[in-house]
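As the structure is a computational prediction, the values presented were derived from the model and not from experiment. Below, chain A is the first sequence line, B the second, and so on; all start at residue 1.
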Amino acid sequence: MIKRLTWRVATVTEIRQETPTARTLVFDVPGWPGHLPGQHVDVKLTADDGYSAQRSYSVANGDDGERVELTVQRVGDGEVSPYLTEVLEVGDQIELRGPVGGWFVWRPHSSPPVLLIGGGSGIVPLMAMIRSRGKSDTPFRLLYSLRDPGQLFYAGELEKVMAGVEVAYLYTRTAPPDAGRAPGRIRAADLIAYGWPPETAPDVFVCGPTGFVEAAADLLTGLGHDPAKIKTERFGPTGG
Amino acid sequence: MEHLDYQDGNALAGPLSEIFTFDVTVAQGTCAGCGRRGALAELRVYGPEPGLVARCPGCEEVVLTFVRGPKDAWLDLRGSVSLRIPITE
Amino acid sequence: MGIISRAFQGRPRDHDEKLPPGQYLVHDFPVLSAGPTPRVPLDRWEFAIDTPEGEVHRWSWEEFQALPQETPTVDLHCVTKWSKFGTEWKGVSLDVLMEDVESAAEYALAYSHGGYTTNLPLEDLLDGKAWIVYEFDGEELAPAHGGPARLLVPHLYLWKSAKWVKGIRLLNEDWPGFWETAGYHNYGDPWREQRYQGD
Ligand SMILES: Cc1cc2nc3c(=O)[nH]c(=O)nc-3n(C[C@H](O)[C@H](O)[C@H](O)COP(=O)(O)OP(=O)(O)OC[C@H]3O[C@@H](n4cnc5c(N)ncnc54)[C@H](O)[C@@H]3O)c2cc1C
Ligand SMILES: [Zn+2]
């Protein structure tokens, strides 16, 4: 018999609406061992007839004691995300397992520049990296692809100028008048304009729906980025 | 978009944490189909039901399957030549 | 069982006494995938049956369509616990396909585009128990559900009904398939709840 990573009971302590269809859930998780930015948890929901469903969600906050924040985007006919975004209330309990995943993580002591490319809810683990950057002098650039300004997560926080973090918004459907970029999916010109050139050998993290990650990773290797430096996290067919 | 119906090997981290005491997704594997080397985290993962099926991003061959029953789990590394596991962490 | 999540229901599902043990009833048609969905053009589609004695029987799409058709209405039971009642299919009975096949083989391995395999005793394919189907609900079978054609063996869990089926190999010895070597039961009878090895 082996000791298994156990399911922990997490209690909702706070809920923040990020957009009309996404919210951040703040949990208190007794015994939480701490996490690295980029790691995720598996959430398990159990119905009263014993039926259960599991999904993965990235941790959105930096390491902070027993506090764990997840940001969930509602997926239309999904099974779990509508529950997490519409039904769960402060005081409710769910089970979660983690932190897990040691690959898609940024270790704050690493020194090359960091390029973060997120599509939709793919911003979540990247935000954990930004929030963990603290006083590190590693320069960050974030390319954040989103449908329209109303889909923006962490609005107040991202809009505050953070020294050493440059943010470019890539609107795919509708851009604000002052955007300076025609709406559309991520393209090579975006990576050239707002990313780091391959010669600077950045650590690249790409996250979002599978189609978005495929497209961005292909553009990066096409521009000459070393595939070994590109880490990806595909959320599946949807995910915002 | 059904052909984009997969996640990364990162998604194996939770399920495999039930049977390994370390994070196997960072282990480097070699695909038996095409010889591609890479971290398990880079595989394409289909599932989770009826089981997790991780395929090589190079040749789409099945590298591993993981089936979780109520009492037992089955891990089948059918398409991997070897796994290199970092010991220090 | 873990803690109950207040007001969590999950996908709509019903309970019904006509269900095999442990199953619940759904009204949609869930798609489970273990790999990329193969796209098989009809002009290159072929179905084959081969025997350990060295016989091979092949049908092109046109030849296949010219065979006598049946329209079975059957209940489906997936090992992931959903069942669906009264699904309507059109296809060719394995009895028709096996008519001219001479063999002493007792086992069968169905194999598919994309590399999937599943094994079953040959007798489970005969006597009106199995079909190669190419229409579901009056429409051509969608690739996500196994089109152009899939095996349909409704008295066993649905993983035995290989999608994108390419052929059936008759064997003298049992040869466990994709899920059967990965932890699932070798036979898979829903009424005896044979889900995993050892059940
Ligand atoms: C490592 C990891 C981290 C993640 N982090 C986050 C995060 O931080 N925030 C976040 O919001 N999400 C995240 N996700 C995605 C999340 O796990 C769920 O996939 C998402 O919330 C949808 O779950 P659901 O139960 O609501 O939808 P599901 O019930 O799983 O369905 C999702 C959608 O896909 C469709 N669908 C289901 N099956 C198929 C199929 N076979 N073919 C085609 N379409 C299908 C459904 O119809 C529905 O529209 C992460 C995923 C991974 C792997
Ligand atoms: Zn390979």
Which pair of non-hydrogen atoms, one from B:T25 and one from A:G102, has the smallest distance, and what is that distance?
-> OG1-N, 4.0 Å
Find the one option among A:Q39, A:E233, A:K231 whose heavy-atom pairs under 4.5 Å with chain B are most numerous.
-> A:E233
Please name the pair of heavy atoms, one in A:G101 and one in B:A13, separated by the smallest distance, quoted to 0.1 Å.
-> N-CB, 3.3 Å
Crowded around B:R37 CZ? As in, over 12 foreign heavy atoms under 6.0 Å?
-> yes
How far apart are the closest heavy atoms of B:N10 and A:W103, and which atoms are they?
-> OD1-CD1, 3.6 Å
Which atoms form the tightest heavy-atom contact between B:D5 and A:P237, and what is the distance?
-> OD1-CG, 3.7 Å
Mind listing the closest non-hydrogen atom pair of B:Q7 and A:R234 along with its distance?
-> CB-O, 3.5 Å
Report the option among B:P48, B:A11, B:P15 that has the most heavy-atom pairs separated by less than 4.5 Å from atoms of chain A.
-> B:P15
From the list A:V100, A:D42, A:T6, side-chain contact (heavy atoms from CB on, under 4.5 Å) with B:S17 holds only for A:V100
Do other residues, nucleotides or ligands put more than 12 heavy atoms under 6.0 Å from the CZ atom of A:R185?
-> no
For B:R78, does the CZ atom sit with more than 12 other heavy atoms under 6.0 Å from it, leaving out its own atoms?
-> yes
Proximal component of A:Q54, with respect to chain B [non-hydrogen, under 4.5 Å] | neither
Check each atom of B:D8 against the heavy atoms of chain A and say whether the ones under 4.5 Å are side chain, backbone, both or neither.
-> both
